[in-house]
Asks: 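Starting off with a structure, shown below.
Here is the naming used below: chain letters follow the sequence lines, and residue numbers restart at 1 for every chain.
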Amino acid sequence: MNFIINKINIISRNIFIKKFKIYNSFKFLLYNNYYNKNFGDLYFNLSTLYFLNYKEQHIFGKILGKKIINKYIKNYKIINNYFNIYYTNLFYFKNIKLFLKKKLKKILINKNNKKKTILIDYSSPNSNKPLHLGHLRNILIGSMLANIYKNLGFKVIKSQIINNRGIHICKCIICYKLFFKKKNIYIKGDHFVGKLYIEFEKKLNKEIKLLTKKYNINKKKALKRSKLLKLVNLELIKWENKNKKTLKISNKLNNLVIKGFKETYKKLNIEFDEILYESDTYLLGKRIILKNLDNIFNLNKNDNSIYYIYNNKNIIVIRKNGTSLYITQEIGTLLYRIKRHKNLYKLIYVVGNEQKDHFQCFFEIIKKLNICKYKLFHFSYNNVNYLGKKIKSRIKLNNNIVLIDELINFVNKKIKKKFLNKKLNNNIIYKLSIGAIKYEFLKINPKKIINFNIKNTLSLKGNNGIYIQYTYVRILSIIKKIKINKIKLNYKNFFIKDNEKTLIKQLIDNKNIIEKTIKTNDTSILINYLYIISKTINNFYNYNKILKTKNLNIMKIRLIISKIILKFLYFNMRMIDIPILKNI
RNA sequence: GGUCACGUAGCUCAGUAGGAUAGAGCAACUGCCUUCUAAGCAGUUGGUCACAGGUUCGAAUCCUGUCGUGAUCACCA
């Protein structure tokens, strides 16, 4: 493919100079076509040659056409001002041979990226509630990007920071102290702590309602008078002053949550190279802020809080009571990472787009502090919505599936029910569930809102993860039945049908797709590609008999194509981390 | 109100480095299991690409405005 494009560029330049006396370095954008049978395998639009008029464009086309025909290019045709190129059978033969012999990594991936290290920060939950569907999108996008970068040759550090410090933790601590201390914990740790948080919010709401009635004041004023909130704030000061009793409860709750998170991650086959805790990093942030108090940050002399001016707004970085905030932690964590990892190439924060302002402010501060020579990048994805509103763990859906654990259970049951007559074992059902969930969340462009809907989102027909897994198993079952290693391809007996040509062309496109995915960080590009080739593969399977073909040569060729299909499916499924099945 | 996204078939989404006739899946209807795994294949129906201007030989794609939806604008994280 590339050599054809290069050749066209070289020949064209000659024509421009000799025929039209035009000296410029125009580069062609050629497109692969595997959608429309009436048009060429490779094409470009002659109108893009803006420096020639319509007549000249066609003269150019005709000269170019005659010159490019060779053993790989059979023919050319100009239709509607489009220059179409048609491949010879030898072209397909060569590509099949290449795909069969070489490792896909070598064919599909540029080697320039070796030794560069990328740190990807994703998931980063607060340790006051279980992981929910909002986190799920974050986890899956981050994990897939990490996978792709790894396959591209980068060294990847998958990093997670657990936000285990702050008001939210203290709310749980207070709730535990007041109402749950003597009760037994009989549910998953993260679910228990989530319950503490919800209970606290309920009690707080009650108190606020009472206060607003009693003193006839608005909510803001009531919040200031709240006894519960006062307790929480005191607890936060205690926490940052390392009060032993407070830290003991904090650690207990923290451990419960982390254990719960680990179980959930394991179900999804998600792993991290490092897990950091805000409790270990926030002091670094606090220190550097105090160090730069006069030149970058400002002290409010009335109440001793410290703020940074961003877009004419005062952003508080240290509270009047001396405790730190989200952004304090963010600065500290970056410092911690820089110390820990030397020679990073880039840091990518996979965080929701609602934090766009936060990251812009954060990056600005880092630039002024002049502490980081690495590229910082916020990859923002959009929300998961339910009934038009952003999903939060406190919302309960109809079937209670707002949490990741609940979603997995739900899908698991659904698949079990659907394939009841097939008597699948639990391991296969589990792999199908995970595949379905991952595919469903990743197939939508990250910059778009996912409107979560149980019926549509978890449809098990058509364009979904199971379809891909099934396609793989179908082809595998053929290969399993026959020893294929000794088969040799011979061009003399080479025969290929149109649907097989389409497939080869699509496989060639894999390289472009990967490059485009990484350029845009859009996971849906690769997923949709996988779906398109799977459709072609199923078409190939239905129309071309393989083991039952009488002609031995044709059977050999189709077996080899089947083997190549498996290679491609395996490679791409691994990138997305959809579980691969060996049988059903 | 300011800022940032998004608006494509009844529903869920592709297509946006301008380019040929706007594509899939679900839902509805029609065929195909004695045949390598029917979790599949093939087909029919379904579109004012939110609306209005502009740029261009050419706009779903770029620009401007309007409308609609969501996020954000905390001494929460």
Side-chain angles (χ1 to χ4, degrees), chain A residues 29 31 33 35-36 38-39 43-48 50 53-54 79-82 84 124-128 163-169 171 233 278 300 303 305-307 311 313-321 323-327 329-330 352-358 360 380 382-383 385 388-390 415 418-419 422 424 432 440 443-445 447-451 453 455-457 459-464 466-467 469-471 473-482 516 519 524-525 527-528 531-532 535 538-549 555 558-559 562 583-584:
Chain A
L29 258 182
Y31 300 93
N33 167 37
Y35 299 103
N36 196 323
N38 299 322
F39 305 133
Y43 68 90
F44 68 90
N45 193 321
L46 285 167
S47 310
T48 53
Y50 57 92
N53 64 35
Y54 185 81
I79 315 166
N80 297 340
N81 227 26
Y82 276 82
N84 291 282
S124 308
N126 298 344
S127 58
N128 66 328
N163 297 311
N164 64 341
R165 186 214 60 84
I167 288 276
H168 59 294
I169 302 299
K171 284 179 180 176
N233 279 318
E278 186 184 344
N300 182 339
D303 63 7
S305 64
I306 297 171
Y307 61 95
N311 269 354
K313 275 182 206 163
N314 291 357
I315 307 289
I316 304 288
V317 291
I318 292 182
R319 288 192 187 92
K320 61 185 169 193
N321 65 14
T323 56
S324 43
L325 285 122
Y326 181 37
I327 197 149
Q329 170 269 117
E330 199 80 81
N353 68 357
E354 75 275 8
Q355 293 188 33
K356 205 176 171 183
D357 284 350
H358 163 76
Q360 272 177 5
S380 69
N382 216 325
N383 295 332
N385 282 11
K389 294 282 175 193
K390 185 179 164 185
I415 289 176
K418 181 174 176 177
F419 302 128
K422 293 230 169 191
L424 303 180
L432 292 172
E440 213 56 55
K443 81 174 177 188
I444 294 173
N445 188 331
K447 74 176 179 185
K448 289 203 175 178
I449 293 168
I450 291 182
N451 283 304
N453 174 318
K455 269 187 192 170
N456 290 321
T457 308
S459 159
L460 301 179
K461 277 187 179 178
N463 184 0
N464 63 61
I466 297 177
Y467 179 78
Q469 289 168 312
Y470 178 65
T471 307
V473 171
R474 269 183 135 182
I475 303 294
L476 184 67
S477 73
I478 296 171
I479 299 292
K480 269 185 173 176
K481 286 182 181 160
I482 199 157
K516 205 176 168 190
K519 204 172 170 184
S524 69
I525 293 173
I527 303 259
N528 281 311
Y531 176 63
I532 288 170
K535 275 211 306 194
N538 277 314
N539 175 291
F540 162 83
Y541 179 91
N542 268 274
Y543 281 98
N544 305 1
K545 293 294 164 232
I546 299 171
L547 297 177
K548 295 189 175 173
T549 308
M555 186 172 101
R558 288 179 183 166
L559 273 170
S562 304
N583 57 52
I584 288 180

Asks: Distance from A:Ile450 atom CD1 to A:Asn383 atom CG, nearest 0.5 Å?
Replies: 10.0 Å
Asks: Just wondering, do A:Phe540 and A:Ile546 contact through their side chains at under 4.5 Å, heavy atoms?
Replies: yes
Asks: CD1 of A:Ile478 to CD1 of A:Ile482: how many Å apart, nearest 0.5 Å?
Replies: 10.5 Å
Asks: Taking atom P of B:rG18 as reference, at what distance in whole Å does atom OH of A:Tyr50 sit?
Replies: 13 Å
Asks: In whole Å, what separates the C1' atom of B:rU45 from that of B:rC29?
Replies: 8 Å
Asks: Just to be sure I follow the notation: if a pair is Watson-Crick (purine N1 to pyrimidine N3 plus N6-O4 or O6-N4) or a G-U wobble (N1-O2 and O6-N3), each under 3.5 Å, what dot-bracket string does RNA chain B give, with | for pairs to another strand?
Replies: (((((((..((((.....[...)))).(((((.......))))).....(((((..]....))))))))))))....
Asks: Round to a whole Å and report the spacing from CG of A:Asn36 to P of B:rG23.
Replies: 9 Å
Asks: Can you build the contact string for nucleotides 29-39 of chain B? Use B for base contact, S for sugar-phosphate-only contact, and - for no protein heavy atom under 4.0 Å.
Replies: ------SBBSB
Asks: To the nearest 0.5 Å, what is the distance between CD (A:Gln355) and CD (A:Glu330)?
Replies: 7.5 Å
Asks: Suppose you measure atom P in B:rA60 against the same atom in B:rU48; what distance do you get, rounded to whole Å?
Replies: 14 Å
Asks: Phosphate oxygens OP1/OP2 of B:rC6: is one of them under 4.0 Å from a side-chain N or O of A:Lys447?
Replies: yes
Asks: Is it true that the side chains of A:Asn464 and A:Glu440 contain a donor and an acceptor less than 3.5 Å apart?
Replies: no
Asks: Rounding to a whole Å, what distance do you find between A:Ile450:CD1 and B:rU69:C1'?
Replies: 17 Å
Asks: Counting the atoms with a prime plus P, OP1 and OP2 as sugar-phosphate, which does A:Asn451 contact under 4.0 Å by heavy atoms, base, sugar-phosphate, or nothing?
Replies: sugar-phosphate
Asks: Would you mind reading off the distance between A:Asn45 atom CG and B:rU61 atom P, rounded to a whole angstrom?
Replies: 18 Å
Asks: Suppose you measure atom P in B:rU30 against the same atom in B:rC26; what distance do you get, rounded to whole Å?
Replies: 16 Å
Asks: Expressed as a whole number of angstroms, how long is the span from A:Asn463:CG to B:rA24:C1'?
Replies: 7 Å
Asks: Taking protein heavy atoms under 4.0 Å as touching, what does nucleotides 71-77 of chain B look like 5' to 3' if B marks base contact, S marks sugar-phosphate-only contact and - marks none?
Replies: SSS-BSB
Asks: Could you give the CD1-to-C1' distance, from A:Ile444 to B:rC11, as a whole number of Å?
Replies: 13 Å
Asks: Do any N or O atoms of the protein come closer than 3.5 Å to N or O atoms of nucleotides 7-10 of chain B, and which pairs are they?
Replies:
from: B:rG7; atom 1: OP1; to: A:Lys448; atom 2: NZ; distance (Å): 3.2

Asks: Can a side-chain donor-acceptor contact be found between A:Ser524 and A:Asn445 if the only test is distance below 3.5 angstrom?
Replies: no
Asks: Going by atom types only, do A:Tyr467 and A:Asn538 share a side-chain donor-acceptor pair under 3.5 Å?
Replies: yes
Asks: Under 3.5 Å, is there a donor-acceptor pair between the A:Glu278 and A:Tyr326 side chains?
Replies: no
Asks: Regarding A:Tyr43, tell me which of base, sugar-phosphate or nothing describes its non-hydrogen contacts under 4.0 Å with the strands shown.
Replies: base
Asks: So, taking the atom named CD1 in A:Ile327 and the one named CD1 in A:Ile318, what distance separates them when rounded to the nearest 0.5 Å?
Replies: 11.5 Å
Asks: Working to the nearest 0.5 Å, report the span between CD1 of A:Ile449 and CG of A:Asn382.
Replies: 4.5 Å
Asks: Can you tell me how far P of B:rA5 sits from CD of A:Gln360, to the nearest Å?
Replies: 10 Å
Asks: Which residues pass the ring-ring contact (aromatic ring centres under 6.0 Å, His included) test with A:Tyr54, not counting sequence neighbours?
Replies: A:His58
Asks: List the residues meeting side-chain contact (heavy atoms from CB on, under 4.5 Å) with A:Ile316, not counting sequence neighbours, and say none if there are none.
Replies: A:Ser305, A:Tyr307, A:Leu325
Asks: Could you tell me the separation between the CG atom of A:Asn539 and the C1' atom of B:rA24, rounded to a whole number of Å?
Replies: 15 Å
Asks: Mind checking whether A:Phe44 and A:Leu29 have side chains closer than 4.5 Å, heavy atoms only?
Replies: no
Asks: Given the C1' atoms of B:rU8 and B:rA24, what is the spacing between them in whole Å?
Replies: 13 Å
Asks: Want to settle it: does A:Phe39 or A:Lys519 sit nearer the 5' end of RNA chain B, counting the closest nucleotide to each?
Replies: A:Lys519
